[in-house]
Amino acid sequence: MYCINCGKEIDDKAVVCPHCGVPTSNYNAPQQNQPKTEQSNKALVTVAKVLIILSIIAAAMAAAVLLFFVTFFIAGAITSAGLEASAYDAEYAIGFGAGAVICGIMMLFTIPSFVFAALALKKIKAKEKPSVALSVCVLIFTNIIAGILFFCTDEKDYL
């Protein structure tokens, strides 16, 4: 290709002439290496959806493990309290009872995780962007990355 101003030979991909600085026909041509933001944002929605589903599976597994430990701690507390009444056994009963309470509280944390995950998946299925409040709740209770991805997407990404 040749410059229309100075007539010197220039690279076919040149945007301006390196000799005289005059813009070439490639100056306003669309760049082929531009990122396709629309496609990548739709991918972000898919990634958020997958992360929420994985979070639901992880929360269910954690709830099952915590339920096992609550059962273990309650059984230990009952067994310790039923033995001879000594201070050592009473400490075991208190320890097992405290463990059951702590695991129970941790299990309660999985309830909002399931609720907000279900609400977010329902919004995505309806091709609607989750509200700011739901995005914050997903960020706190379900999955931090999925919540952040909801903030990085637009309404058009859900269509």
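With rounding to the nearest 0.5 Å, the separation of OH in Tyr2 from CG in Asp12 is 10.0 Å. Here CG of Leu134 is found 11.0 Å from NZ of Lys122. Values are rounded to the nearest 0.5 Å. To the nearest 0.5 Å, atom SG of residue Cys152 and atom CG of residue Leu44 are 6.5 Å apart.
Linking Ile, Leu, Val, Met, Phe, Trp and Tyr residues whenever their side-chain heavy atoms come within less than 4.5 Å leaves Val22 and Met1 in two separate clusters. Residues Ile140 and Leu119 share a hydrophobic cluster, clusters being chains of Ile/Leu/Val/Met/Phe/Trp/Tyr side chains in contact below 4.5 Å. Linking ILVMFWY side-chain heavy atoms closer than 4.5 Å, directly or via other members, places Ile56 and Leu54 in two distinct hydrophobic clusters.
Proximity of a side-chain donor or acceptor of Ser135 to a complementary backbone N or O of Gly147 within less than 3.5 Å is not detected. Looking only at distances, a side-chain donor or acceptor of Lys129 sits under 3.5 Å from a matching main-chain atom of Phe150. Asn143 places no side-chain N or O within 3.5 Å of a backbone atom of Ile52 that could act as its donor or acceptor partner. Distance alone, capped at 3.5 Å, is enough to place a donor-acceptor pair between the Thr24 side chain and the Val15 backbone.
Atom CD1 of Ile144 sits in a sparse spot, with 12 or fewer heavy atoms from other residues, nucleotides or ligands closer than 6.0 Å. The number of heavy-atom neighbours closer than 6.0 Å to CD1 of Ile4, taken from other residues, nucleotides and ligands shown, is 12 or below. Applying the 6.0 Å contact sphere to CZ of Phe151 captures more than 12 heavy atoms from other residues, nucleotides or ligands.
When all heavy atoms of Pro23 and Val16 are compared, the closest pair comes out as CA-CG1, 3.9 Å. The two residues Ile10 and Cys17 have their closest heavy-atom pair at CG2-SG, 4.0 Å. Annotation for Val138 and Ala146: closest pair CG1-CB, 4.2 Å, computed over non-hydrogen atoms. Nearest heavy atoms, Cys6 versus His19: SG-CB, 4.2 Å.
Residues Met61 and Ile57 are in side-chain contact: their nearest non-hydrogen atoms beyond the backbone lie under 4.5 Å apart. Side-chain contact between Ile145 and Val47: absent, with no pair of heavy atoms (C-beta onward) separated by less than 4.5 Å. At a threshold of 4.5 Å between non-hydrogen side-chain atoms, the residues Leu139 and Ile148 count as touching.
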